2 protein chains.
Amino acid sequence: MLKNMNFIEKLRETGLRPTKQRVKICEILFNREKTFHFTINDLAKKISEELNEKISLATVYNTVHALQKKGYLKEISINSHKSYFDTNTSVHHHFYDEDTQQLIDCDENEIETVNVKKNITGKKINSVEVLVRVASDNQNQN
Amino acid sequence: MLKNMNFIEKLRETGLRPTKQRVKICEILFNREKTFHFTINDLAKKISEELNEKISLATVYNTVHALQKKGYLKEISINSHKSYFDTNTSVHHHFYDEDTQQLIDCDENEIETVNVKKNITGKKINSVEVLVRVASDNQNQN
DNA sequence: CAACAGTTTAGAATAATTATAATATATAAT
DNA sequence: ATTATATATTATAATTATTCTAAACTGTTG
């Protein structure tokens with residue numbers, strides 16, 4: 001299980017004990033080519049699919065929120081019913097496909113740097129993020 | 001109560017009966033200079049402050065959602081815990097003050113048109129919106 | 001003003017998230 | 001290795017936000 005060493009390291013660095021469950025969650029989240037966009041529900045489903053033993057929902061919530069707080073996950077809220085987490089924690093833009101309800105990361109060069117002219121005294125800009133909502137071109141396709 | 005006529009008109013146009021409660025809600029939402037950003041909670045609180053009689057939460061939810069569906073309100077989701085409605089229903093950008101948890105509309109000219117270079121085949125762009133998160137410049141101010 | 005259809009309401013039902021407290025486990029010291 | 005300790009996991013309970021329900025009420029139309 002050499003491939004898990006980095007997760008164990010990651011967890012340790014953030015002050016979390018690398019328990020079996022947490023390592024498993026990290027594996028599912030971070031052991032992939034592309035960045036992963038998921039809701040807690042998605043993740044819980046994936047866990048129960050990939051694992052024989054189940055992990056309690058409370059642990060999933062706790063671990064995801066701990067990772068988010070430590071900066072290893074980022075939350076992206078689409079509407080009051082859908083909130084995603086993103087393994088790409090850098091400031092970046094998204095496409096949201098309203099048909100499939102899928103989030104897609106934008107590369108740096110796919111959206112030109114946004115020029116913010118407004119300035120609020122005493123406040124600094126923490127992030128500037130764009131959400132592009134797309135949907136099927138053909139309305140009656142469904 | 002001549003000033004309410006426009007709300008009554010507005011409600012009628014959207015197929016909603018202009019009941020006392022709905023007119024009151026419209027008054028609070030639309031009878032103001034600036035656009036109004038609010039959570040359901042904010043609105044319910046404002047209603048009970050400004051009114052002697054109370055309006056049932058169910059009615060507040062129903063009316064707000066009906067107005068949203070009809071296009072008189074727009075939802076802006078900041079994170080999974082905070083979802084705002086906006087009386088400005090046009091596609092536009094926002095500042096979010098992370099200290100005060102307040103949403104601020106951007107004028108057309110305060111953020112330069114965002115140039116989206118990416119194209120997803122078969123999909124058309126419905127909206128492009130920017131969220132600028134700001135916070136106090138002075139970290140230890142609180 | 002009577003009748004009907006649509007509304008409001010309080011409270012119940014549901015869903016998502018968080019808290020709790022008993023049991024289990026990782027870690028560090030022995 | 002074993003043990004002691006602090007921390008984690010878990011099932012379940014509690015909480016919160018939202019939606020549903022069905023009875024009472026009200027706006028509208030004729």
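Remember, predicted model here, so these are calculated numbers, not experimental data. The chains referred to below are lettered A, B, ... by the order of the sequence lines, with proteins before strands, and numbering in each begins at 1.
In this model, no donor atom of one side chain and acceptor atom of the other lie less than 3.5 Å apart for B:T63 and B:Q21.
Here the NZ atom belonging to B:K70 is positioned 6.5 Å from the CG atom belonging to B:L16, to the nearest 0.5 angstrom.
In the 5' to 3' direction, nucleotides of DNA chain D lying under 4.0 Å from heavy atoms of chain A begin and end at D:dA6 to D:dT19.
Between the CZ atom of A:R17 and the C1' atom of C:dA24 there is a distance of 11 Å, given to the nearest Å. If you measure from atom CD of B:E53 to atom P of C:dT7, you get 19 Å, rounded to the nearest angstrom. Spacing between atom CG of A:L11 and atom C1' of C:dT25 amounts to 15 Å, rounded to whole angstrom units. Straight-line distance from the CD1 atom of A:I40 to the C1' atom of C:dT18: 12 Å, rounded to whole Å. Rounded to whole angstrom, the span from the CD atom of B:Q21 across to the C1' atom of C:dT7 amounts to 8 Å. Distance B:I47 CD1 to C:dT8 P: 12 Å, rounded to the nearest Å. The interatomic distance linking B:I25 (CD1) with C:dT8 (C1') rounds to 11 Å, in whole Å.
Note on B:K54: a side-chain N or O is less than 4.0 Å away from OP1 or OP2 of C:dA10.
Along DNA chain C, the nucleotide closest to A:A58 and the one closest to B:A58 are compared, and the more 5′ of them pairs with B:A58. Positionally, the nearest nucleotide of DNA chain C for B:L16 lies more toward the 5' end than for the other of B:S80 and B:L16.
Picking from C:dT18, C:dT8, C:dT27 the nucleotide with the shortest atom distance to the side chain of B:R22 gives C:dT8.
Salt-bridge check for A:K117 with B:E110: failed, with every basic side-chain N at 4.0 Å or more from each acidic carboxylate O. A salt bridge is absent between B:R133 and A:E129: the closest approach of a Lys/Arg side-chain nitrogen to an acidic carboxylate oxygen does not fall below 4.0 angstrom. Note on A:K124 versus B:E98: no salt bridge recorded, every NZ/NE/NH1/NH2 to OD/OE distance being 4.0 Å or above.
Between the side chain of A:D97 and the backbone N or O of A:D99 there is at least one donor-acceptor pair closer than 3.5 Å. Looking at A:K118, its side chain never comes within 3.5 Å of a backbone N or O of B:C106 through a donor-acceptor pair.
When heavy atoms are screened at a 4.0 angstrom cut-off, B:T19 is found touching the sugar-phosphate backbone but no base atom.
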